[in-house]
Each structure stands twice: as structure tokens, then as C-alpha cells.
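Written out below as C-alpha cells is the structure these notes cover.
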Amino acid sequence: MTNGWPHELAPYFEMLRIRRVEEAIARRYSDQQMRTPVHFCIGQEAPAVGVSMHLTLADQVMSAHRNHAHYLAKGGDLGRMIAELYGRSTGCCKGRGGSQHLIDTSVGFAGAAPILGSTISIATGIAFKLAKFNPGEVVVTYFGDAACEEGVFHESLAFASLHSLPIIYVCENNLYSVHSPMESRQPDRPIAELATGHRVPSFEGDGNDVAEVSMLASTAVNRARNGAGPSFLVFNTYRIVGHVGPEVDLNLGYRTQDELDHWERKDPLVQEMRRLGLPTAAWKELSDQMEDSITLEIESAFRFAIESPYPDAAEVALDVVPS
Amino acid sequence: MTNGWPHELAPYFEMLRIRRVEEAIARRYSDQQMRTPVHFCIGQEAPAVGVSMHLTLADQVMSAHRNHAHYLAKGGDLGRMIAELYGRSTGCCKGRGGSQHLIDTSVGFAGAAPILGSTISIATGIAFKLAKFNPGEVVVTYFGDAACEEGVFHESLAFASLHSLPIIYVCENNLYSVHSPMESRQPDRPIAELATGHRVPSFEGDGNDVAEVSMLASTAVNRARNGAGPSFLVFNTYRIVGHVGPEVDLNLGYRTQDELDHWERKDPLVQEMRRLGLPTAAWKELSDQMEDSITLEIESAFRFAIESPYPDAAEVALDVVPS
Amino acid sequence: MRKLSFASAILEAQEYLLANDPSVFVIGLGVPTNAGVFGTTVGLVKKFGPDRVLDMPASENGMTGMGVGAAIAGMRPIMVHNRVDFAVLAMEPIVNQAAKWFYTYGGQVSCPLTVRLIIGRGWGQGPQHSQSLQAWFAHVPGLKVVMPTTPSDAKQLLIAAVNDPAPVIVLEHRWLYDTVGPVAAQSTGEQLGVSRLMAEGTDVTLVSCSYMTLECLEAARLLATIGVSASVVDLRTVSPLDMTTILGSVEHTRRLVVADTGHTWFGISGEILARVAEAGINLLSRPLRYGLPNAPTPTTASLSDVYYPRAIDIARGISSQVMGANAPLLEDPDLGKPLDWPQRAFTGPY
Amino acid sequence: MRKLSFASAILEAQEYLLANDPSVFVIGLGVPTNAGVFGTTVGLVKKFGPDRVLDMPASENGMTGMGVGAAIAGMRPIMVHNRVDFAVLAMEPIVNQAAKWFYTYGGQVSCPLTVRLIIGRGWGQGPQHSQSLQAWFAHVPGLKVVMPTTPSDAKQLLIAAVNDPAPVIVLEHRWLYDTVGPVAAQSTGEQLGVSRLMAEGTDVTLVSCSYMTLECLEAARLLATIGVSASVVDLRTVSPLDMTTILGSVEHTRRLVVADTGHTWFGISGEILARVAEAGINLLSRPLRYGLPNAPTPTTASLSDVYYPRAIDIARGISSQVMGANAPLLEDPDLGKPLDWPQRAFTGPY
Ligand SMILES: Cc1ncc(C[n+]2csc(CCOP(=O)(O)OP(=O)(O)O)c2C)c(N)n1
Ligand SMILES: Cc1ncc(C[n+]2csc(CCOP(=O)(O)OP(=O)(O)O)c2C)c(N)n1
Ligand SMILES: [Mg+2]
Ligand SMILES: [Mg+2]
């Protein structure tokens, strides 16, 4: 992750950029022009950013349905992402994938897919390949707390452990699976313990603190790079908006205003700003600069998307099998 | 398990009975009249017997492909089992199931099926039913070390833990999955640790020592009966003959004569005889009595099977759906 | 009669079943939440409590196996998977276990598991949220496969499914959820395995299921404007397949068109054409099939609009089959309208 | 040409692939053991080492997903599941992921995964060790489905499958493993998607695949004894389906019989009958289908003997279709012989 900002400021900038992208999507979502189910990551920017800091372009990342932060932090092309949401032929999947299937192989973002758990095993296969052909390169796969309920999570960790694969399994625990709270789905224990039985070391941390994320990620990535095998990272975090779409869905009654307030106070941007501890005036200038450059980038991405053509009807049956 | 022998002798008798049944099947297997893949449990009699001692007729048992000991120890009808192997209409599945699908609902043997791991989730569903409608009754499900590699194992334990279901998961770890040793399949850690992440207590013991099995089973069954939820029992044991069929398959090279010798010295029958510590003469008399009654029972079962008719051709398409 | 939406009819069926049979329980991701599986389970947990109306972990395989176990132990589980695509993880317990249980164990123990599966479509549902795999289930002996079209059938056939001693897969099309129709307050004791003649005509028989039956009815309406008279058979149950109704109609019209919500190739439409051929009926013109092309579902509306066949496609195909080159050109009543969601009021995401 | 068994031909194909392409690896339960998946992987680990010839945990879902990952990363995995039935656990990565990868991601990344699946039959294989689910795979766009019949095809089509950039499912029938035939030492550069006319006749076209093609050839031999001349088309690839060869033959004979190793209903035979009907060929008599009845596989030989259709059944069906009531009675050459294993030398268990 290199976004042009000095090392110390880069994580903040990247999180801000992701936040603003999501907000821009949210703003225009009701136009009904991006007709693809978007799972916003507002509030969950830190894991993607803190992990990606330790990855090279050659390292591979896989994500699931809530993937925008992972794609952007890994360096995925913003214009092609927005175009994909608009279903245009310039989208990163030529419009065939939508929000849940981003890809940018040029920066090592290997893909994303919304069937819970499936990308965990697929990422494990990429790690199998890297171990043999690209020693020193690593795979990161991101998923939610519910994906850990799929048996394939265990099958993957066990195999990665057996073969010491260079992979980091990153769980963003945001407490919910759609609208279902943890206690209706999982026994009461730290998710990190799930890896114990597979002899995969696990590390748990504050997923709203990008510095803490970075520290744990650094350990895990180094392990993988040096052939010491897989790690399991659990980052506790929270999604501010609803499961899908941009509404803050307090009306659904599965979470409270209090809970939301609590987590808004833990906003990763605010935390990181505090940690940076810059004088107010300097900060104001800096953040204006950041906002301006981000606004420009976002506007240009949306323009690119909206001005792009839709795929031609004939494309519906192209590319079913490679030839 | 009540086999008519005094409490102290019952486990030995039951193990001997199972051993002799398996040997009788083995002897006649080459006749090509039992054309069903038989997974012999010779050497693995102790877990079934040590666990079943703590079960009532109403308690439910499910097993997998290597199921004869479990069926017999739970009180499954021997004649109908042998008839099933011979594919007769008097078999416990009317010949449709063969060795891998035994059932005897009259004694709480709910079934057996050879797809690894599947019976673990099915048994969990039976426990779900008992918890609600038959409090105090419990389920036992037996499976091998390889079945623990299926994701469904984890999915089941997590659910049973979440709902505190009355179920005991019994893994017979015999070191092999067909001809594949542990180290080509699983990370190096005790299998019992697999349950940790689900907050299911696990107990590991000598699976060739029926007294130890019984002790651990007693704890687990009591927990389940009293509403304290599931347990995971791991019994270390060894199958003396090959994976399927009665040959001792040293020729296949996946295990050594030394290893076999080692485990034959740990034969559950020999261990239990030693533990009982009866004077030689008394023992001789007792065991002759046991052998005689077992021989009679086995002969009659085979006679019943062989004299039974095959199912009628018209039955091929009966019972596809209940009416 | 009262009118209800398809979704409310499903809710009412489950309410009825829970109230009348203590062995029934409903389980699935989000079942007890306020959103309640697109409204089909809303309020049930309040009425029947959390031990009969349950959420579950995202463990489709294990949970479906659990359902099999509860069913063979005497319960009547209703398991909901929010998309057919997620149930692909649950094929093992459904196909290897539930379907074969009664037969394998000599007809001693039945497995009355009901699995509700929702077929996604439109508004960006894309390749992994829109599959319609009735052909898979119908291929497996021991399963019954139900695809209701009307709100009334959504209720009555779900009741029949749960009361049936066999494992039953009920495929519900998301685009039917907001359709409205008369629904009897009581259970009408419907049985599985009977199709329904939704329209009677003389020139052609359209056989279809689920949402495609609505397209066929619209096609029949369009055809009527040019004097072609069509019968429409709504399958209701894909397996067992009610060939009596189909053959009865085709013998009369001597033309056959099948429209399906799934992929055409190696799907249920092939089976229907085959059975008609085996019956030796000489058709007046080549049979036609409408279904999904041999491609995964594209997400963008610009492609999914051409991906899904519609009434106009069916009507045009038939008119040229019946009238040849002289067929008058049928106009597309939906020309220029957005096609990737069922009605304008709907705004995603779902 | 050298003669090899079907099993040895598979072994040789994998040997060739491992030797010629460093991205190939073979993985499956028992692959590096001395039994070597019924002999098809024996000795490979010694030649190519344990990092290219691997055992795996009994985690069909996760391991197949792993294979998908390795494939999209540029490897060419050959994954073996010892029975089709076990792969039911692996449908998710095969169907939701592998099949759709190339299309969904805009044609950028292919997924050259090859999955070998073995169809069990006889000697007590029973309901969970004998399924033949080619219809499922063929129904899914993006997959290719191969079913070799001869030892030569077992080798050459496996090489073609692994070299093909698409995900390919290869279904191998266990009863073919010991059959022997000529096999070229080198790779012949065979392509997928082409059927083969195994026998040319004038009265009827038999279309079949895998082991059933042997039954059809035998049926053709029996029919010849009463003067009925049959063509036999061996599908080789079920998907893509080579309709050119089938239609070419049927146009000539105007009679169609399809024999399949899977269940007849909602299976691949329905698709073939449907395509012939769509093509508008007027058949001289009703088409016939042979396959498994609508029941799970019974384990006992006394039932499985009637469960599986044989050459004599096919021949008798055809003779009465062609000659009507005057058809001479064909004698069953296997009358009284045990039918539930492929040849007398075989003694279970397997
Ligand atoms: C196999 C499967 N089951 C169910 C779903 C439906 N689904 C989509 S997202 C989601 C919640 C996922 O929760 P989590 O993994 O915690 O990620 P989060 O949305 O909280 O980021 C569910 C259940 C799915 N996509 N795949
Ligand atoms: C899902 C599945 N995969 C593979 C198999 C093939 N198989 C049958 S038994 C067996 C070994 C099982 O080993 P384990 O669970 O340790 O039991 P054991 O045979 O040692 O008693 C295997 C791999 C199967 N039956 N089911
Ligand atoms: Mg979550
Ligand atoms: Mg074992």
C-alpha cells in the first residue's frame, strides 16, 4: 500500500479514502443506477488498511461480500470498481460481477465472492501455489464472523497448518451475521480459539485501531513470508450502516442506538487521528488536502463509470468457458 | 447393555461376542455370498462396549461404516444383521443397506451410513429432538479419526454446544483413514483439541481398555443426561485387519509388522482379562461357557440368514417415498 | 376470498403448521429476526417461542444434516436457506441421506424434512444468488420437489410438503413474493403431485412452473390478441411429475412449449419433451423450450435483461411456430421498461 | 498398438501430465498410497515426489475449494474423489465457484481444475457409493463433463481435460477399470466435445456413455443376430454435447435409443431426446431410454441385478420397437450368471 502520503499518515489517508468512497456510493445508491447489493464497510476500514500496509503487489488477497475496503487498500482500481457497480463494460468484471465480485489481478487482488466461507478455501489454494512457485509471497483472506461457522473454514485452516502454507486468515468480527447476533449462532468463546485445534496461531485485536491491526498483521505476515505457516487474525469491529445498502437500520431492532453510539466513539478514523496527535491547525490543513485529493479521485471515478458503455447484449453468452 | 452376565464380566463377554461375530463373518466372507463391503472392528471392540454400558434402550446411537460393534453392543439383533450382510429380505434393511447401513430402532440403534461425517450432523439432529421431547435421553455417535476432518464435524459440535444438546461424540482414533496415516492428513496435535474452539469438553483415553472407556463414557453420558451438554470422547485404538475386508493387509506397506504386534499386545480382550485377574481354572471354565453360548448364537444367526429368502425383484422400486 | 401476498401466504402456512403440530419447527438464517426471511417468518418467534423458531449458524451442511436427524427422530423441520445457491453446500444431507433414508432402511423410518429454498433474480443478484436447481433435486429419487406459483399454492403446498412423510424441497421464486391472490384461511388438504391447468386453449400447450407460469399466462394473453389459443399448465410439483395433465393437454393441442426458471440444457424442460416423445404423440410443430441460456447469471441489468426469457419471447416463438412466416408481429408491452426487478415499487438491495 | 487396462491408461495420462507440465499436481484420498485409487495413481509419488502427488484430509469441500484456488493461481490440479457420492460435498466450489469463475470475472482468469470422479457399481456398493451425477454437472454452464469408455479415451481425454482451460469433471466408471484396449504411447492431442460412432447401422441409433456403451455394443451384437442393424454413438463428452454426430446418425436411422449410467428421469437422456425433438426429426417409432430406475441403489445383489439395465433389455426393447409383435425372442446370454460384478475374476470388497 503506497498512496503517496508519508508513512505515518498513509493509514489515515487510506482509511479516509475508503470511507469517502463508501459515502459517495451511499449517496448515489438510491438513484437505482448501481443495482448490485453493496455491503458497506463504513466503520470497518482499519483491518484492510492495517493489513495491506504489509503486503506487496505480488501478495494475493481474497475477500467476500463486504470487500470494498480490501480491494481499495490493496490498490484495486477505483474507476473500474465504480464502473463495476454501475454494471458497465469498463468494470473490473465487465459488469458481470457487481459489488460482490471485485477483482484486480494487476495489484494482487485475486477476487471476492459472496458464498460464505468459500473464498477461505480458494485462498488456501492460492497459498498452496505460492508456497511452491513464489516463495516469500503470501495470501490474505478476509471474512466475517459468520463465515467462521462454515465447516470449510476448519477444513482450510487444517490443510494450511498441515502444509505450513503462507496465508493469513483475517476475520473481521462485527458481531452480526446480517441481523443475527452472535449468541444465536455461536457458543460463547473467543472466535480466535477456533484455530487452536488446527495448531494455527491466532491473534486477536481491536479492529478499529489501525496501529494495533498493523502490529498483529506484521507478525502474521512475517510468519507466512518466512515459511512458518498460517495465522488467524481476529479483529473486533463494527459496521455502522446496515448489512446491505446504506441505511443505518436501527428500525430493524436487532441493535440499539447505544451500541451504535458506543462504536461511533471508537471510529477508526477518530482513533487514528487522536493517535497521530497533530496540532489542530496542522491537522486541519492536512485533512483538507486529503479530502480535496480524495474528492477529485472519486469524482473522476464516478465520471469514468457513468460515461462508460453498458456491455453489449451479445456478451451475455461470451466467456462461459475459455477458449 | 445387558447380556445376562454379571456386571463385572459383561464387558468382556460383549467384546468377545463381537470379536467372534466378526471372525465368523471373516471366515465366510470369501464365499462371495456377503457381497457388501465389511469394515471389520476386530481390535476396536472396547469403545462400543464401554460406552454402551451406560446407555438405556431409549438412548440413541448412530454409527458410520465401521459399525458392527456399535450395533451389537447397543443390542442390535444379530440375526437380522447377518441376514443384511447376506442381502436377505429378513435383514435389518431388507437387504437394501448392507453392512454399512445397519439399523435396529427397537433398541435405539438409529442407523449407520458410510459418508464420512454425515452421521455426526444427523445424530446432532436426533439430540435436538431428544432435548425437547425426551429429556434425560442421550445420543451417542461413533466415527473415525478421518471423519473429524470433515467440516460438518465442527458445524455439529458448535451447534450442540450452542444448544447444550445431550450428545456424546465418540471418535475412535485408529491412526488410519483407509491406508493414509495421520501425518498426511492432519496437523500434529491431539484430536481432542478440535473440540476446544466449540467449548465442548473433550476426554481422551485408551480405546483398548474397556474400563477406561467406561469411566470416560460415564462422565460424558451423565453430563448429557443432566442437561450439561455435549462431550467429545477420543479413544485411541487400532484395527487389526485391513480397512475393508478380512485380510491383514501388511502387504500394502502402509503399516509395519512391529506396529501390528504392538497393538496386538494391547488387545482389548487380553487387557480386560488381565484386569479381571481371575484364577486360571475359573477363567478357563468361564470363557468356555462364553465361547459356547456365543458359538450357538452365531450359528443360529447365520442359519437364519442363509435360510432367509432374497427380496423379491419387485421390491427394487418399493419404498422410494413413504405413503 | 381474502387476498394475501405470496410471502404472507408462506408465513400463514408456517403459522398454521406450528400451531397444529408440536413436532414442527422452523430454522434458518435470520428466521427469528424482524426482517424474517423476506417477511415469511416475521412474528413467528413471538408466537411460538425461540425453541421452535430458530436462527442458525451459517453451516448449511451441518444444519441440514441436523434437520435430517430431527426428522428421522419424528420431528417435522422446516429449514430455510435464503438462496438456492447456499443450499449447494447442503446437497450431501439432502441427496445422500434424506432422499435415501426411507428406502435404504427398508421402509422403516421416514424423513419428513421440508427445505424451503429461495430463487433470487434481478437487482444485481448475479451468478451466486440466482440459481434455480430444481432439475438437480428432481433427478434424485426419494425427494419431492414443489414450485408454487400462486399465493394460494404457496400456502397450501407448503402445508402439504410439511405433512408429507417424504423429504420435500420447496423452491420459492423471489419475484413471486409480492404478488397477491386469494388464499383460503384454512388448510385445504392439498396433495403433492398434481399440476393445474391455468388456462385452456386449443393451439398450443405451455408447460411451466413458478414465476415462469406468470410469463406464460402473459404470453397466452399476447397470443390471444392474434388469435392463437394457448393452454397453460402450471406444474406446481416438479417431482413427482404429473404427466397425466400434460399429456392430456398436449394430445389435444399437439403443440408443446416448456418454460422453466432454470437453465434449459439438461434441465426439467428436456425431461418433459422426452416424456411426450416417449408417449408417442406426434406434434404439429417442433417443441420449444424457454429457460436460462448456457451461461452463469450476469449481474449487470444490461445483460440480465437479455438473459431472462419473457412473455414476449415465448409468444413470438409460438406465433411463428403456429403461423409460420405470416405470423403478425407481436409488440413488446414492456419495451423500454426496466426489466430487472418485478415491479417498480421495489428498490433494492435484497 | 500396446494394450493397456483402463486403470493403467489413467495412470499413464497422469504420469505424462506430471512429467510435461510442472503446474500439474494430483491430490486425493489415498493418492500416494500403494493401493493408489484402484491402481490409477500407483507409483506416481515415487516418480514425482510428495509435493506433486498428495494425500489429503477427508475434507471434500475445502480441498476442492483449495483446488479452485490453485487453478486460478495458474496450477493444473487433478483432484480425485473415490466416489461421485463423496463429491456431493464438493458441489459448492465446483458449481458456484469453478464453473462461474471465468465468466464472472469478465473472462480474465480461467480455472483449469480437473476433477476425477469414480462411479461405483455392484458388489454391495449400495445407495451412497454408486451415484452417477453427470446430469447435475452437465446442467451447470461453465463445466465440461467427460465420460470415457475405452482405455484409449481414458488416457487421451484425461490429458485433454487437464490441458483444457475450463474446469472439467471426468466421470470414470469402476466397471471399466479392468477392461483392456489399445492405447497410444504418446498424447494424441484429442479435444473435448466430440462423440464417436462406435458401430454403424441403419435401423436404430443407440446413444450412450461410459460403461453403458459396452452394454449398447453388446445389444447391437444381439440385434444383429436377428437382422436389426444398430449404430452406437459413444458420447465421450456429455458437455459440451456433440449433437452433430447424434443428429447425423438419427437422421439416417430415424430411431433413437439412449442408455445412461445415471437415473433416467431428469437425466441426460431426456436432454438428448429433447434436442432430437427440437431438431424436428420425425422418428419411425417412439424413442427409448435406459438408465437407472427412480429408486436409490439397493445393496443386495438380488435387487441390484434388476436395478441395472443390460444389453439384453436394450436389445429386446429395440427389437419389439422395430419389429413389433413379430420380433423373435432374444435369449439372454448372461442368464443365470452373477450380474453384480464386472467379471468373474473380481472378488470384492471395494
Ligand atoms: C453460504 C452462505 N450462506 C448464507 C449467505 C447469506 N449471507 C450473506 S452475508 C451474510 C452474513 C455474513 O456475516 P459475516 O460473515 O459476519 O460478515 P459481515 O456481513 O458481518 O461482514 C449471510 C448470512 C451466504 N452469502 N452464503
Ligand atoms: C465423505 C467421504 N469421503 C471419503 C470416503 C471414503 N472412505 C470410506 S472409509 C474412509 C476412512 C475413514 O477413516 P476413519 O474415519 O478414521 O474411520 P476408520 O475406517 O479408520 O474406522 C474413507 C476415506 C467416504 N466414505 N466418505
Ligand atoms: Mg459479521
Ligand atoms: Mg481411522
Side-chain angles (χ1 to χ4, degrees), chain B residues 29-30 32-39 84-89 91 93-101 113-118 144 146-152 177-181 183-186 243-246 249 251-254 309-320, chain D residues 27-37 42 45 50 53-63 65 82-83 85-89 92 120 122-129 131 292-308 338 340-341 344 346-350:
Chain B
Y29 201 57
S30 60
Q32 298 285 320
Q33 295 306 309
M34 289 176 275
R35 291 208 290 279
T36 174
V38 171
H39 301 81
E84 187 59 34
L85 304 193
Y86 275 91
R88 307 300 165 119
S89 65
C93 296
K94 297 189 187 161
R96 294 209 190 101
S99 166
Q100 306 194 93
H101 291 280
I115 304 287
L116 295 178
S118 297
C148 302
E149 293 155 10
E150 296 287 352
V152 72
S177 168
V178 190
H179 311 134
S180 302
E183 58 272 20
S184 67
R185 305 179 280 125
Q186 298 186 20
H243 167 68
V244 63
D249 57 352
N251 61 309
L252 288 175
Y254 69 94
Y310 287 104
D312 194 80
E315 283 188 41
V316 76
L318 284 188
D319 297 332
V320 176
Chain D
I27 185 167
L29 297 180
V31 157
T33 64
N34 287 340
V37 191
V42 164
V45 69
V53 181
L54 291 86
D55 216 313
M56 71 179 202
S59 309
E60 285 79 1
N61 180 2
M63 291 300 94
N82 285 257
R83 291 291 186 296
D85 315 64
F86 309 158
V88 173
L89 285 162
E92 203 290 320
W123 221 96
Q125 289 296 285
Q128 298 181 344
H129 279 61
Q131 288 171 92
L292 306 187
N294 190 51
T297 316
T299 305
T300 177
S302 81
L303 292 180
S304 79
D305 284 356
V306 292
Y307 185 79
Y308 288 100
D340 71 328
W341 66 95
R344 295 305 319 239
F346 181 83
T347 56
Y350 73 99

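Here is the naming used below: chain letters follow the sequence lines, and residue numbers restart at 1 for every chain. Every heavy atom of this structure was used, including side-chain atoms; hydrogens, water molecules and symmetry mates were not.
- Heavy atoms of B:Ser184 lying under 4.5 Å from chain D belong to its backbone as well as its side chain.
- Interface remark: B:His243 contributes no atoms to any contact with chain D (heavy atom separation under 4.5 Å).
- Neither the backbone nor the side chain of D:Asn61 has a heavy atom closer than 4.5 Å to any heavy atom of chain B.
- Neither the backbone nor the side chain of B:Glu84 comes within less than 4.5 Å of any heavy atom in chain D.
- When each of B:Asp249, B:Leu116, B:Ile115 is checked for heavy-atom pairs under 4.5 Å with chain D, B:Ile115 comes out on top.
- The most heavy-atom pairs under 4.5 Å with chain B, out of D:Pro298, D:Ser302, D:Pro127, D:Ala295, come from D:Ser302.
- Residue B:Ala147 does not touch chain D at all, counting heavy-atom pairs closer than 4.5 Å.
- Neither the backbone nor the side chain of D:Leu54 comes within contact range of chain B, judged by heavy atoms closer than 4.5 Å.
- D:Thr33 touches chain B through its side chain: at least one heavy atom from C-beta onward sits under 4.5 Å away, while N, CA, C and O do not.
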Step-by-step side chain to side chain donor-acceptor pair (under 3.5 Å) determination, D:Gln131 to D:Asp85: CA-CA 6 Å; D:Gln131 288 171 92; D:Asp85 315 64; 2.9 Å; yes

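- For B:Val178, no part lies near chain D; criterion is any non-hydrogen pair under 4.5 Å.
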Side chain to side chain donor-acceptor pair (under 3.5 Å) between D:Asp340 and D:Ser304, intermediate numbers included: CA-CA 7 Å; D:Asp340 71 328; D:Ser304 79; 4.9 Å; no

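- Ranking D:Ala58, D:Gly124, D:Pro57 against chain B, the residue ahead of the rest is D:Ala58, based on heavy-atom pairs under 4.5 Å.
- For chain D, the option among B:His101, B:Gln186, B:Gln100 with the highest count of heavy-atom pairs below 4.5 Å is B:His101.
- Considering only heavy-atom pairs separated by less than 4.5 Å from chain D, the leading option among B:Pro311, B:Gly117, B:Gly87 is B:Pro311.
- Contact count versus chain D (heavy atoms, under 4.5 Å) is highest, among B:Gly253, B:Gly91, B:Gly151, B:Pro114, for B:Pro114.
- Ranked by heavy-atom pairs under 4.5 Å with chain D, the list B:Ser180, B:Ser118, B:Cys148, B:Gly98 is led by B:Ser180.
- Contacts of B:Glu150 with chain D are made by both backbone and side-chain atoms, with heavy-atom separations under 4.5 Å.
- The part of B:Asp312 that comes within reach of chain D is its backbone (N, CA, C, O), which places non-hydrogen atoms under 4.5 angstrom from that chain.
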